[in-house]
Amino acid sequence: MFRSVTLEMSIKPFKQTDDEYIRSVCKKVFEQWHALLKSRQEISIMLWTSEGGEILDYTGELDREFEWAYWLGHANMPELSENDSPSTSLHDKKQKYIDTPPKMTYRILQKIVAAIKSEGKKYFPNSKITVGATFDIGPEFAISDFKYNRHPESCNGTGCGVYGLVDCTALLHADDYPYAAYPNGIPEGTPMGTFFGKQANIFLSDMGFDYIWLSNGMGFCYEPWNELGKIYDGDKFHAEKLPDTREKVFLFWKYFREACPDFPIQTRGTNYSVGIDYASDGVPLYDIYNGKFNITPPPNSPWAAINDDIGIEILGQLTRNAEIPENDYMFRYYLHDIWWANSPWYDRYEGSPHDIYIPMSLSRITKDGRIHSPTLFHILSIDNSKGQLPDNCANEVIPHILKAEKEAPDDIAPVTLVYPFREYTTNNGDLLSEMYFGDRFLQNSLNSGLPLSCVISTDNIDALTPAMYKKTVLVIPARFENNAAWEKIHRLADNGAKIILYGSFDSLSKVKINCPKVDIFGDTQQIMNALAYYGYKLRFMDRKDTLIGGYCHDGETKKESELRESERLFASGKRMGELPSTTIHRHNNAKIFSIYNRDNTVETQLKFPLGAPIFDGYDAYIENGYATYRFDRCAHRECRVFVKQESGKVSVRECPPVNGYFRRKIRISGLENAEVCLFPESYCANSGAVVATLPHALDDMPAEQEGWSVVNDAEHGTYLHKANVTGTIYLCMPHKDKMK
């Protein structure tokens, strides 16, 4: 899955700068993460040296000192004094991470980069070892003379209080500073992209870096931390500003690439999705992707950890990767924070791996119909704010990362987003509201339980074969400008595809599609109703057993006034209660559920077309056909068992095979006159060698398999089926070499 793994770190761990100490830090890194790094095609260390000022200020003098990120908190704020309380917020007063941080020169940085490569090659001789530089738009990480003294015109907005953020479209005033690329100073009116590109090209070459990371929206928009922008001010969409805004952002990439033509670029992007970014700030992502700029798409935002918004993380990951520039895209995990004295694994996630399993359950469908999971993996970061490299943190997260990688999607998900990626770069101002609030709606639907786990672009709809689209429900915005795509959607519906359209009533009234398999809905509850119509039913109960999200299809549609109220609710960013966020993907003929449960008192009830899903390792009480669960903060479970019965507790457990014929046994107990569907692993699902009944002695060979039939279902896959089952049964899968 991951061809490349990148460990992000600051240079705080290099508390001494002699050769031996630098090598010892490098050895520690590669030993600590060995289990994750081994056998990778590429291993990279991405250095958070400063905030990019070391690039902007570079003169070519290797022995010149530079400002670096040796602070806790906001580096451009006043420093904590002896008279201040030690508990003063890091947002108000900065502190040094150690009493006497080492001085840094460009020659020392050059030495650190070289040591990383040489030590990495010793540990992983068959992997490509690379080192990346970073550039951030903000004022937090290091004191910046360039941004806030010499060239304040380079910064706009108020993303960090009185300090602005670097505007990639800025034009710089003249100065006489001896830059490496401009020994006589910057000429008046030089584009930021040109200056930055020329400086970066020299700096990266001189230091030995292999690529550059543009952080926090650099190169995408005016103020990437805000859902408002130059186009949408919170009251009105100013479509007349689109052409100029798009052009200026695109020109940054053109100017940068002309000045720095060869180094690969990795990007962090904004905190939002494609539709929100374009409608608020004119971010021309489709144009940037197709500009041949040698960039990787922005990964998932860290906001799931920071403000508990799983919805925007999922939606950002799906929409940005509906189409990609090349063959690589990224998942980025937020482990430590280098600057703000928090380590998310402990103090944001509380040791819960949901923000590993949920993003890694997502996939995209390529133009040739392949299921494509992330190929690049980043960890921000492996050192904490004090420059420490804690072993326990690495040891605790690596098993979850490897498990999620092993269980990556290998087939289309049960619910798939069809996204108009190209169409969401338009000058039609009438569509801006649709794309902005449509994405907002999906964001909050995902936060409210919508199990959306896969994406395909409208341009790639032809890649959906009957074998794929019959296994999924397609979720599609109800308004975008592409008649050819709509014709394909019509054909899919006519051929049996299950489709949900979402959007405002104005847009829905414009959709001319009349197929029995298409539902048109404008709020989250109705999307859930539509899923229920197709057999996927989810209900969430609070601790008082009060239904707080009843997603059961009753054949009726809400009145328009009620829907408009729901639209206002979701457009405002409010969620329905504290509901679990859920993704469902297919792997090895099983359905894998990844769940983030915000409220442990909430009960979740699930019913699928083939029955109640019973997770491996779980007990579920079945009532009225629903399996009832009360999840911990995170659940990541395989499901190979679906049961239809009136009531009772059903349990699924792994068992030791205790013979040489079977490699895996799964016990299902508590069945009472049940209809049961069992999903063996792919290698043996249709072989006839799978056994679904065993005598009482577990180490005996099976006597018979009477009454079980193998079903090859276009919608659900291959499974064993039997009705009127009571008691305990076993799903047994043989070793491959024992199969006839």
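- Distance CG/N444 to CZ/F437: 11.5 Å, rounded to 0.5 Å.
- When all heavy atoms of D439 and L315 are compared, the closest pair comes out as O-CD2, 3.1 Å.
- A donor-acceptor pair under 3.5 Å links the side-chain atoms of D233 to the main chain of D235, judged by distance alone.
- For T245 (side chain) and K241 (main-chain N/O), a donor-acceptor pair under 3.5 Å exists by modelled atom type.
- The shortest distance between side-chain heavy atoms of T416 and M468 does not fall below 4.5 Å.
- Interatomic distance, CG of D411 versus CD1 of I365, reported as 9.0 Å (0.5 Å rounding).
- Side chain to side chain, T366 and D368 meet the donor-acceptor criterion of an N or O pair below 3.5 Å.
- In terms of modelled atom types and a separation under 3.5 Å, the side chain of H372 and the main chain of N327 share a donor-acceptor contact.
- Here the options are T583, T582, D308, the test is side-chain hydrogen bond (donor to acceptor under 3.5 Å, both in side chains), and the partner is Y596; only D308 passes.
- Using the six-membered ring where Trp is involved, Y502 and F441 have ring planes that are tilted, between 30° and 60° apart.
- Contact annotation: the side chain of K498 never approaches that of T472 to less than 4.5 Å [non-hydrogen atoms, C-beta and beyond].
- Here SG of C168 is found 9.0 Å from CD1 of I137. Values are rounded to the nearest 0.5 Å.
- Heavy atoms only, all atoms of each residue included: P420 and P477 are closest at CD-CG, 3.5 Å.
- The 12-atom threshold is not exceeded at CD of E326, counting heavy atoms of other residues, nucleotides or ligands nearer than 6.0 Å.
- No side-chain heavy atom of T134 sits less than 4.5 Å from a side-chain heavy atom of I212.
- Applying the ring-ring contact (aromatic ring centres under 6.0 Å, His included) criterion to Y255, with sequence neighbours excluded, gives no partner residue.
- From H378, atom NE2 reaches atom CD of Q266 across 3.5 Å, with rounding to the nearest 0.5 Å.
- For Q443 and S273, the side-chain atoms include no donor-acceptor pair closer than 3.5 Å.
- Using a distance-only test at 3.5 Å, with no hydrogens or angles considered, a donor-acceptor pair links the side chain of N447 to the main chain of G311.
- In this structure, K147 contributes its side chain and G164 its backbone to no donor-acceptor pair below 3.5 Å.
- At a threshold of 4.5 Å between non-hydrogen side-chain atoms, the residues M46 and L380 do not count as touching.
- Heavy-atom minimum distance, N321 versus R364: O-NE, 2.6 Å.
- Under a 3.5 Å cut-off, the side chain of E51 and the backbone N or O of P139 do not form any donor-acceptor pair.
- With respect to D136 and R268, no salt bridge is recorded, no charged nitrogen being found less than 4.0 Å from a carboxylate O.
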- Hey, mind stepping through F2 and F331 against ring-ring contact (aromatic ring centres under 6.0 Å, His included) and telling me if it holds? CA-CA 9 Å; F2 296 131; F331 164 56; 7.1 Å; no
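- What you find for D462 and K488 is that their closest heavy atoms are OD2-NZ, 3.1 Å.
- When side chains are defined from C-beta on, R320 does not count as touching Y329, because their heavy atoms never get closer than 4.5 Å.
- At a cut-off of 3.5 Å, with distance as the only test, no side-chain donor of R332 or T6 sits close to an acceptor on the other residue.
- Ring pair W486/H490 is perpendicular by interplanar angle, where above 60° counts as perpendicular and below 30° as parallel.
- Within a 6.0 Å radius of NZ in K248, other residues, nucleotides and ligands contribute 12 heavy atoms or fewer.
- H636 and S594 get closest at one heavy-atom pair: ND1-OG, 2.9 Å.
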- Query: Given the rule in the side-chain contact (heavy atoms from CB on, under 4.5 Å) test, do T426 and Y278 qualify, once you have shown the distances and angles that lead to the verdict?
  - Reply: CA-CA 9 Å; T426 177; Y278 188 78; 4.3 Å; yes
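- N460 places no side-chain N or O within donor-acceptor distance of the main-chain N or O of A463, the cut-off being under 3.5 Å.
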- Starting from the C-alpha separation in whole Å, work towards a yes-or-no answer on side-chain contact (heavy atoms from CB on, under 4.5 Å) for V455 and T319. CA-CA 7 Å; V455 68; T319 61; 6.0 Å; no
- Message: Between F196 and L214, is the side-chain contact (heavy atoms from CB on, under 4.5 Å) condition met? List the steps.
- Response: CA-CA 11 Å; F196 177 40; L214 303 186; 3.7 Å; yes
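- When each of F293, Y286, F256, F220 is checked for a ring pair (Phe, Tyr, Trp, His ring centres under 6.0 Å) with F250, only F293 meets the rule.
- M360 contributes atom CE, which lies 11.5 Å from atom CG of D355 (distance to the nearest 0.5 angstrom).
- Closest of all the heavy-atom pairs between C221 and V249 is CA-CG2, 4.4 Å.
- Taking the side chain as every heavy atom from C-beta outward, E313 and P302 never approach each other to under 4.5 Å.
- Proximity of N216 to L165: side-chain heavy atoms (C-beta onward) are nowhere separated by under 4.5 Å.
- When ring centroids are compared, Y232 and Y272 stay outside the 6.0 Å threshold.
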- Task: Tell me, with the steps shown, if D328 and R3 meet side-chain contact (heavy atoms from CB on, under 4.5 Å).
- Result: CA-CA 9 Å; D328 286 321; R3 71 160 189 84; 2.9 Å; yes
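- Residues T458 and I461 have side chains in contact (heavy-atom distance under 4.5 Å, counting atoms from C-beta outward).
- Distance check: N300 CG to L362 CG gives 8.5 Å after rounding to the nearest 0.5 Å.
- Taking the six-membered ring where the residue is Trp, Y289 and F421 present parallel rings, their angle staying beneath 30° rather than reaching 60°.
- Between Y349 and Y334, the ring centre distance reaches or exceeds 6.0 Å.
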